[in-house]
**Student:** 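Below is a structure I'd like to ask you about.
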Amino acid sequence: MSIAERAQQIVKEFELTPEQLNACVDHFIWATEHGLRHHTDLGMPMIPTYVTSIPTGKEKGTFLAADLGGTNFRVCSVNLHGDSTYALVHNKWPVPRELMSGKCDDFMGWLTDRLEEFLKEHHSEHYSQENCQWGDHLFKMGFTFSFPVDQTGMNRGTLIRWTKGFDIKDAVGKDVCQLFQSAINKRKLPVFVAALVNDTVGTLMSRSYTKAEEGRTLIGCIFGTGTNGAYSEKIKAIPKFNIVAHPEITSKIMVINTEWGSFDNRLKFIPSNRFDQELNLHTPNPGYHMFEKRISGMFLGELLRLCLVELQKDGLLFGAADRIDKTINALETPWSVDSSFPSKIHGDTTTELLGTESIVRQLLGYATTLEQRKAIQAIAKAIGRRGAHLSAVPLAGLILHTHALEKFEGNIDIGADGSVVEFYPHHEEMIREALRWTKIGDQENRITIGLARDGSGVGAALCALVA
Ligand code: BGC
């Protein structure tokens, strides 16, 4: 069999028909309603966040935000001007790999060291060099912690499980805000962790703050290393939330962190091929976040790598004679290529696919023929297209569940953030194509999808403010 034919077989394995997509959307609506009623282990968590108001753009003040999302840790100081604008300074550090699966104390200590470094650099006005002490000013901080947490208060929540490659075992089941606060207190830093914020909640808040004039933001979502979304729900439609136990909450709505990465963990409707199954086995959370494993940045590169390994085993590419750089072992090394790999290949429009030639050479260390590159590109596109089409499922699901198209006039706005939505070629276009396949149909043109940069910074600051 030629490599082109073999590639077509693999492409077929990544195909998703409009019928399958619509079955996923229907199931998503069911899972949404089920998750609002029940605490589930395998189902979609649908976590009440205790955030009961959406910004109007008039909020003011200076707040800190600490953001642990995936590969990086960021500390920001955000000055909200009260007119939908803000000023932000931030420092960012990659999280050392060994800490991602080490001890919780070491990890919290590392976060706190970075926070102290940030405060000394950007808020030295509150630090007395003479006494080596911080003054009386207490910063309120929003902690954007983008992992599934069972939230029990605005700044309380126990870690359900790690995702995105983290595996700090002794943190699971503990209150991440308290852990951070006690590490901060040990260092005597003037910081109060006022709010625990998922990055999607932050995205919803920041998009609402900055785009308040342009109408209602229905969903805040992330398509990056991981994926997830948040929206606001009527409290009376959240039967599992015990309002009587929280007399302080008088509001009618509450933001829900859906944790849609865990949609259909049982794989009843979402597609699952050999490569998906192989990938899942080598994650720290097998059987969970199965939806995320088909669409988010952490996994797209790995899926492509697994397909290429198969083509190599079949003797169709990457033979010994094609090896240019023997020091590169990425093809044999799980998780060694991220989503920028399929993304660059997908977006390569040169006739000879020279962009693909160069990235395969650089990342994998092999020379390729044009025919091989065409096969690689066809597979990369199939993986990317399936990911983007599936990304439309929760968006359509929430739009239909909330009846937003009938209830609101004008546009329905979605604030989105993350490397995949920002950089993956044609991502939004492919999402829109799939939205048109659903019951939304032509009304897809009423949906605006806008990048909400800094959701986890500005949004966390807004949550610290309302806390
Ligand atoms: C986490 C979510 C997060 C998403 C995007 C997922 O793996 O479970 O909490 O919002 O990644 O960062």
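Remember, it's 1-based here, ligands and their atoms both numbered in the order they're listed. What you are looking at is a predicted structure, and each value in this text was computed from that prediction instead of being measured.
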**Student:** Counting heavy atoms only, which of Asp199, Leu68, Ile222, Val201 is nearest atom 12 (O) of ligand 1?
**Tutor:** Asp199

**Student:** Which bit of Thr227 gets closer than 4.0 Å to ligand 1, counting heavy atoms only: side chain, backbone, both or neither?
**Tutor:** backbone

**Student:** If only side-chain N and O atoms count, and only distance matters, is there a donor-acceptor pair under 3.5 Å linking Thr283 with Lys293?
**Tutor:** yes

**Student:** Quick test of your reading of the structure: of Gly226, Ser146, Gly165, Ala230, whose heavy atom lies closest to atom 1 (C) of ligand 1?
**Tutor:** Ser146

**Student:** Quick one: are the ring centres of Tyr50 and Phe241 less than 6.0 Å apart?
**Tutor:** yes

**Student:** Between the side chains of Arg114 and Glu117, is the shortest nitrogen-to-carboxylate-oxygen separation below 4.0 Å, so that they form an ion pair?
**Tutor:** yes

**Student:** If the threshold is 4.0 Å, N to carboxylate O, is there a salt bridge linking Lys439 and Asp26?
**Tutor:** yes

**Student:** Do any N/O atoms on His289 end up under 3.5 angstrom from N/O atoms on ligand 1?
**Tutor:** yes

**Student:** Within less than 4.0 angstrom of ligand 1, does Gly224 place any heavy atom?
**Tutor:** no

**Student:** Of all heavy-atom pairs between Ala230 and Val255, which one has the smallest distance, and what is that distance?
**Tutor:** CB-CG1, 4.1 Å

**Student:** Could you identify the single nearest non-hydrogen protein atom to atom 6 (C) of ligand 1 and state the distance to 0.1 Å?
**Tutor:** Glu292 OE1, 3.1 Å

**Student:** Between Arg37 and Glu33, is the closest basic N to carboxylate O distance under 4.0 Å?
**Tutor:** no

**Student:** Around atom 11 (O) of ligand 1, find the nearest protein heavy atom and jot down its residue, atom name and distance.
**Tutor:** Lys164 NZ, 3.0 Å

**Student:** Test your reading of the structure: does Glu259 have an N or O sitting under 3.5 Å from an N or O of ligand 1?
**Tutor:** yes

